[in-house]
Engineer: 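Quick one: this structure, given as structure tokens, is what I'll be asking you about.
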Amino acid sequence: MSDKNTTSILDILTKVNDNTWEVPGNYKPGMNVPGRIFVSKPLLEILEPETIDQVANVASLPGIQKYSMAMPDAHLGYGFSIGGVAAFDKDEGVISPGGVGFDINCGVRLIRSNLMEDDVRPRLAELLDSLFEAIPSGVGSKSRMRLTDEELDDVFIHGVNWAVKNGYGMKGDLSHCESNGMMPGADPSKVSIKARKRGRPQIGTLGSGNHFLEVQYVDKVYDEEAAKAFGLKEGQITFMIHCGSRGAGHQICTDHLQKLTQASKKYKIPLPDKQLACAPASSEEAQDYFKAMICAANYAWVNRQMIMHWAREVFDEFFKAQHGDLGLDLVYDVAHNVAKLEKHMIDGEEKEVYVHRKGATRAFPAGHPEIPEDYKDIGQPVIIPGSMGTASYVLKGCPAAMELTFGSACHGAGRVMSRSSAKKELRGEEIQNELKSQGIIVRATQPSLIAEEAPEVYKSSSDVVDVVHNLGIATKVARVLPMGVVKG
DNA sequence: ATGTCC
């Protein structure tokens with residue numbers, strides 16, 4: 001069966017190099033540009049043909065620049081594939097919620113420490129219990145804090161600035177977030193009452209699915225200079241937070257999808273797939289979505305900030321008396337699901353484009369003005385979480401990203417088995433015990449969730465990372481291994 | 001991903 005799959009995919013795609021395959025511009029009628037899928041041969045063999053169709057569909061949207069792209073972790077998504085990257089001209093192009101996804105600014109942050117593996121291992125189980133208690137998780141989980149309506153507006157507009165101003169973090173946290181944890185241009189009046197109602201009680205909650213808080217140790221350093229700049233060394237304890245904008249972002253996406261479905265008809269945009277609903281970038285409908293999307297993006301950064309704040313408190317409670325200042329600095333926070341107006345060189349000219357990254361990470365190289373001062377000679381940290389129980393990677397953005405992918409890299413391992421089949425075929429308790437035998441502790445609200453997120457339902461994060469590393473889009477800095485995971 | 005169907 002896999003032979004047949006490979007044969008049919010190879011009939012469609014043209015090899016550009018070992019890690020780049022092209023979807024010809026005549027593969028489907030209406031394509032404005034060809035597609036580019038960045039995969040190695042082993043990843044190509046497990047690529048779904050439907051993902052290629054999605055790349056081709058996106059190529060037919062107005063004003064798309066250069067290529068409709070898919071990262072090595074690409075798989076089927078709503079309209080656009082997960083792992084999709086597409087840039088649309090600011091004036092001639094479109095904005096599409098499908099190119100961002102339902103979990104607006106789902107993303108990941110990495111926190112370093114002065115602790116070493118041996119300091120934490122003896123108290124790991126207790127530590128995880130405390131983290132599980134301190135950070136609300138699971139579907140519909142409610143926060144430890146209640147935002148007023150005014151505070152919710154502040155979160156939407158000011159992002160992490162709101163959190164730091166109110167004592168939930170340190171000033172240095174700001175510059176170590178993509179966009180300083182605050183995209184400008186938010187307009188809370190474009191967010192429905194329903195989305196506000198869902199968002200108010202959920203700030204600082206982990207959610208469910210593949211979202212997690214993980215205690216890790218640095219197992220390998222590939223790039224000494226970059227690791228030093230990021231404050232990382234072998235044997236050191238780190239922790240990672242992966243979550244998004246919860247019910248608020250989901251509702252904002254749902255609300256505006258409905259409006260943009262109407263707008264697609266109004267502006268007579270031919271859609272090969274209804275899920276690609278969009279509107280001309282400069283139209284009121286597209287801009288309303290964009291202003292609401294920014295509210296959700298800023299909300300997601302605050303969500304991760306609150307979780308980090310409470311996790312820092314737990315670490316301090318456990319280790320400060322013995323170890324003093326734990327140096328729990330934010331290494332960086334990246335968005336995986338967002339659209340941004342950026343300047344890129346296209347055919348020798350600088351152009352403003354709306355870059356849609358859906359399950360893709362920004363990966364700007366050294367010297368880019370959006371990189372914090374202390375990383376400016378290194379490049380932007382690119383944080384790639386592995387699946388539960390497997391390695392995560394820290395990379396640095398490199399110049400090839402600007403040439404090849406509008407400054408983008410992959411975002412994670414990428415699913416190979418659906419949630420429903422995982423639940424049918426695997427048992428959560430068994431996975432939990434298997435991980436325990438490897439020294440990895442898992443705390444989750446439900447065993448079925450552990451089955452849905454089992455290591456074997458994901459591609460290998462190292463295969464995926466090797467593609468962007470070998471292309472020179474983002475190169476490996478360090479690998480971290482899990483010790484304990486808190487899940488929804 | 002998601003008050004996993006208002």
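Per chain, numbering begins at 1; letters A, B, ... match sequence-line order. Please read all numbers here as calculations on a predicted model, not as lab measurements.
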Engineer: Tell me, which pairs form a salt bridge (charged side-chain N to carboxylate O under 4.0 Å, His left out) where one or both residues lie in residues 129-143 of chain A, sequence neighbours left out?
Structural biologist: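 Residue pairs passing salt bridge (charged side-chain N to carboxylate O under 4.0 Å, His left out), neighbours aside: A:Asp129-A:Arg443.
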Engineer: How is A:Gln202 classified with respect to the nucleic acid when contacts are heavy atoms under 4.0 Å: base, sugar-phosphate, or nothing?
Structural biologist: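 Here A:Gln202 touches the backbone only, sparing every base.
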Engineer: Starting at CG of A:Leu206 and ending at C1' of B:dT2, how long is that distance when rounded to a whole Å?
Structural biologist: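 Rounding to the nearest Å, CG of A:Leu206 and C1' of B:dT2 are 14 Å apart.
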Engineer: Under the rule for ring-ring contact (aromatic ring centres under 6.0 Å, His included), what residues qualify as partners of A:Phe290, not counting sequence neighbours?
Structural biologist: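 Listed in chain order: A:Tyr354.
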Engineer: Just call it for A:Lys194: base, sugar-phosphate, or nothing, with non-hydrogen atoms closer than 4.0 Å on any strand.
Structural biologist: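 Touches a base.
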Engineer: Residues in ring-ring contact (aromatic ring centres under 6.0 Å, His included) with A:Trp21, at least two apart?
Structural biologist: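 A:Trp21: no ring-ring contact (aromatic ring centres under 6.0 Å, His included) contacts found.
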Engineer: Tell me every residue that passes ring-ring contact (aromatic ring centres under 6.0 Å, His included) with A:Tyr332, counting only those two or more places apart in sequence or in another chain.
Structural biologist: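 For A:Tyr332, no residue satisfies ring-ring contact (aromatic ring centres under 6.0 Å, His included) once neighbours in sequence are set aside.
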Engineer: Can you list everything that forms a side-chain hydrogen bond (donor to acceptor under 3.5 Å, both in side chains) with A:Gln305? Sequence neighbours excluded, please.
Structural biologist: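 Listed in chain order: A:Arg109, A:Asp173.
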Engineer: Assign A:Gly244 to base, sugar-phosphate, or nothing according to its heavy-atom contacts below 4.0 angstrom with the strands shown.
Structural biologist: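 Since no nucleic acid heavy atom lies under 4.0 Å of A:Gly244, the category is nothing.
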Engineer: Which of residues 102-109 of chain A have a heavy atom under 4.0 Å from DNA chain B?
Structural biologist: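 Output list: A:Phe102, A:Asp103.
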Engineer: Just how far, in rounded Å, is P of B:dT2 from OH of A:Tyr78?
Structural biologist: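 Distance, rounded to whole Å: 17 Å.
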Engineer: Send over the distance from A:Lys197 NZ to B:dT2 P, rounded to a whole Å.
Structural biologist: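 Distance, rounded to whole Å: 19 Å.
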Engineer: Near A:Glu50 CD, under 6.0 Å, is it more than 12 heavy atoms from other residues, nucleotides or ligands?
Structural biologist: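 Atom CD in A:Glu50 is crowded, with more than 12 foreign heavy atoms closer than 6.0 Å.
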Engineer: Specify the separation, in whole Å, of atom CZ of A:Arg419 and atom P of B:dT4.
Structural biologist: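 Computing the A:Arg419:CZ to B:dT4:P distance gives 14 Å.
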Engineer: Whole angstroms only, please: what is the NE2-P distance between A:His256 and B:dT2?
Structural biologist: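 Rounded to whole Å, this separation is 19 Å.
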Engineer: To the nearest Å, how far apart are A:Leu257 CG and B:dT2 P?
Structural biologist: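 Result: 16 Å.
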Engineer: Could you check whether A:Gln262 and A:Gln258, counting side-chain N and O atoms only, form a donor-acceptor pair closer than 3.5 Å?
Structural biologist: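 No donor-acceptor contact under 3.5 Å links the two side chains.
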Engineer: Between A:His211 (NE2) and B:dT4 (C1'), how many Å, whole number?
Structural biologist: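 Atom NE2 in A:His211 sits about 14 Å away from atom C1' in B:dT4.
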Engineer: Taking only side-chain N and O atoms of A:Arg246, does any of them lie within less than 4.0 angstrom of OP1 or OP2 on B:dT2?
Structural biologist: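 The answer is yes; a side-chain N or O of A:Arg246 sits under 4.0 Å from OP1 or OP2.
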Engineer: Taking atom C1' of B:dC6 as reference, at what distance in whole Å does atom NE2 of A:His250 sit?
Structural biologist: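 Rounded to whole Å, this separation is 14 Å.
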Engineer: Across the strands shown, which category fits A:Ser245 at heavy-atom distances under 4.0 angstrom: base, sugar-phosphate, nothing?
Structural biologist: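 Answer is nothing: A:Ser245 stays at 4.0 Å or more from every strand.
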